[in-house]
Amino acid sequence: MIALLLEGVSILCLGTGVFLLVSGGIGLLRFPEVFSRMHAAGVTETLAASLILLGLMILAGWGIVMFKLLLILLFILITSPTASHALAKAAVHGGLGADPGRNETS
Amino acid sequence: MLLLLAITALAIAWLRDLFAAVMLAGIYGLLSASFFVSVDAVDVAFTEAAVGAGIFPLLMLAALALVGRYEQTAYRHPLISLLLVSITGATLVLGTLDMPAFGSPDAPPHSHVAVRYIEESPKEIGIPNMVTSVLADYRSFDTLGEVAVIFTAAMGVLGLLFTGRAASPGSATERANMYDHRVLRVVSKMLIPLILLFALYVQFHGEYGPGGGFQAGVIFAAGIILYAMLFGFGNAQRVVRPALLQILAACGVLIYGSVGVVCLLSGGNFLDYSQLLPDPLAGRHLGILVIELGVGITVASSMILIFYAFASATVNPEEVA
Amino acid sequence: MLTAVVVALLVVMVMALSRALLGPTIYDRILAVNVFGTKTVLLIAVVGFLFGRPDFLDIALVYALINFISVIGVLRYFEYSNERHQGGNP
Amino acid sequence: MLMELYNYWVVILLMMTGFYIVIVQGNLIKKLIGLNLFQTSVFIFYISLGKVSGGSAPIFAEGVSSYSNPLPHVLILTAIVVGIATTALALALVIRIRNAYGTVEEEELQQRDLEC
């Protein structure tokens, strides 16, 4: 019973993660300018990665594997927003203004 | 997966902006490492992860900062070259027709020495990672040569570029740091100890899982390079002195070689670790551990030195010439 | 289920790759590389499970670290070259 | 037939792309990138040779009977690190050339040599 429940939760996590992943990818591809693309990718990335890793953690059960997954999760939680922040900051300093009505710059 | 690799490679050939080409080369490294994982080459994927996706783009960028970003001249004789390349490619494709099918278990490479490595090495050496046992024991003389090559290359880069002068606090790289990197700095302060710790784990866990001296050295170097990029090369050179690194790089090779000599003196062949301790199996363990340490030290200090050399050339370009 | 995840990851990797190819600005390309790196971490973790050898996770861990380092490196390079072109005035 | 040799063909495509870049492009840095592509294609070729279908990663584990060939892995592992070290050396040479000649385009370099 518990095993079944855990499997269900894990599949739910993986499924939501995949949905977020794909929507982030579409956003990355379709949005019109750098900052909105950054938004699409950066925001979904963190949650999607956490959900997928969480699903794997539930699949793995207690042990060293779960610990390593947790470590990866922590790294992604720390580094991914930081990288997005640095990137956005560099883009602002690099002369791409952040005003929303701005068109594509090449 | 491989198709993606091919697309990336063609795109690299197509693009004129060198910076974009370097970025794509980074993606190419990530992709090829994923491919290595999918065909079971975990140790190779480990190395490619650290080198192809991390160190290689950084080195290229460091060079681009000095050389300039755009190509100027037109292609020379593109048609003749294309013809030549196609002919060579077609010949090679003809050659593959005689090759054994991908993954077939009775292909020639699997029928000679590899069988022995797979069947005997867990018993003979006593460690589960066959790649490490082949690398550090059966083919240890070869590996000594590779380490010597890395050492020599690092010394060559130093000879060509290193001015020996640390970036002074007022110089360009240091000033770029005033550019308020508080978030990055705080996060990196948390991460760098973890990276160094993880490098040590990879170093000493190489007998049981994927890892070993080569990978650990590169990861360790990447940690130090991250520090140098965020806090300035001048500060990094105060923490990890170039002179110390030069000595360490030489020491790594020395450790490796002297293990071999000790083996000779205690009555075995060169690099025959079973002579090191009364119990041959424990001796082999000790030998592998020590030479992996030597490899790790040399690789890490060579990589950091190479980066210092590029950074010093960036800071004082006129002194190099 | 895991196979589906792998397929989805590959699809997203293709998207990121095409963004890196198209990307009008440099920042698009850097973003694509960053996204690509995270996807590779996930891909390797999932593939490890698929093959039943979860000790592959060490590699995924290295990726998570190296990806961060290379993105930071690229951005630092940009600041440096911008500064040089604009006469050291950030 | 197609699927069996597909890997090798992609490797050849990669190798030829690298080769093409090395021949056609005049920029020394771009040439190095091409050389690196070429190198990686050789790595992929070796690793493809080492794969055994149904085999697992060559780390001894309970309950696994068939492993992929560890020998190519060892050769390539060291080759990758040596490759990056030699690439660094080549880049250093390119930087010295740039400082001496003021350019990294091959045609201009030849012109400078002729002028001297």
Side-chain angles (χ1 to χ4, degrees), chain A residues 7 10-11 14-15 17-19 21-30 33-35 37-38 40-42 44-46 48-49 52-53 55-56 59-60 63-69 71-76 78-80 82-84 86-96 104-106, chain C residues 1-2 4-9 11-20 22-28 30-39 41-46 48-49 54-58 60-65 67-72 74-79 82-83 86 90:
Chain A
E7 205 185 325
S10 129
I11 285 180
L14 289 177
V18 164
F19 170 72
L21 209 65
V22 174
S23 55
I26 293 172
L28 182 70
L29 204 57
R30 298 283 302 158
E33 50 108 46
V34 182
F35 290 98
R37 280 179 209 135
M38 243 176 239
T44 54
E45 188 169 76
T46 317
I52 288 179
L53 288 176
L56 289 181
L59 269 186
I64 183 82
V65 174
M66 191 182 193
F67 175 70
K68 277 184 190 163
L69 281 172
L71 216 55
I72 297 177
L73 179 57
L74 270 181
F75 272 131
I76 288 189
I78 296 174
T79 57
S80 171
T82 314
S84 298
L87 186 57
K89 192 165 182 167
V92 171
H93 278 289
L96 294 171
E104 189 66 79
T105 52
S106 55
Chain C
M1 187 64 211
L2 287 180
V5 177
V6 169
V7 171
L9 280 168
V11 169
V12 177
M13 280 164 103
V14 173
M15 289 172 176
L17 183 60
S18 43
R19 179 44 71 200
L22 297 172
T25 65
I26 309 139
Y27 303 102
D28 284 304
I30 304 175
L31 177 67
V33 171
N34 191 16
V35 169
F36 208 89
T38 322
K39 299 302 167 282
V41 173
L42 292 177
L43 185 73
I44 289 175
V46 178
F49 270 82
D55 38 347
F56 292 6
L57 285 175
D58 285 351
L61 205 50
V62 175
Y63 263 78
L65 294 174
N67 191 33
F68 178 67
I69 293 177
S70 58
V71 170
I72 300 300
V74 171
L75 292 174
R76 295 285 290 126
Y77 157 78
F78 258 97
E79 268 162 30
N82 276 347
E83 185 174 319
Q86 289 160 12

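Here is the naming used below: chain letters follow the sequence lines, and residue numbers restart at 1 for every chain. Here the structure is a predicted model, which is why all the values come from computation and not from measurement.
Across A/Ala83 and C/Phe68, no two heavy atoms sit closer than the pair N-CE1, 4.4 Å. Minimum interatomic distance between A/Leu53 and C/Ala45 (heavy atoms only, all atoms of both residues): CD2-CB, 4.5 Å. Minimum interatomic distance between A/Leu59 and C/Phe49 (heavy atoms only, all atoms of both residues): CB-CE2, 4.4 Å.
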Just distance, no hydrogens or angles: give the donor-acceptor pairs under 3.5 Å from side chains in residues 21-30 of chain A, sequence neighbours left out.
| unit_1 | atom_1 | unit_2 | atom_2 | d |
| --- | --- | --- | --- | --- |
| A/Ser23 | OG | A/Phe19 | O | 3.1 |
| A/Ser23 | OG | A/Leu20 | O | 2.8 |

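Contact of C/Val11 with chain A is not made at all, since no heavy-atom distance falls under 4.5 Å. Of the atoms belonging to A/Ala88, not a single heavy atom falls under 4.5 Å from chain C. For A/Leu14, the parts sitting under 4.5 Å from any heavy atom of chain C are the backbone and the side chain alike. Of the two parts of C/Val46, the backbone and the side chain both hold a non-hydrogen atom closer than 4.5 Å to a non-hydrogen atom of chain A. With a 4.5 Å cut-off on non-hydrogen atoms, A/Leu87 touches chain C through its backbone and its side chain both. With a 4.5 Å cut-off on non-hydrogen atoms, C/Leu61 touches chain A through its backbone and its side chain both.
With sequence neighbours excluded, the residues forming a side-chain contact (heavy atoms from CB on, under 4.5 Å) with C/Ser70 are C/Asn67, listed by chain and number.
Between chain C and the options A/Val18, A/Ile64, A/Ile78, heavy-atom pairs under 4.5 Å are most frequent for A/Val18. Among C/Ile72, C/Leu31, C/Val12, C/Val5, the residue making the largest number of heavy-atom pairs under 4.5 Å with chain A is C/Leu31.
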C/Leu2 and A/Leu56: CA distance, side-chain angles, deciding distance, side-chain contact (heavy atoms from CB on, under 4.5 Å) verdict: CA-CA 9 Å; C/Leu2 287 180; A/Leu56 289 181; 3.8 Å; yes

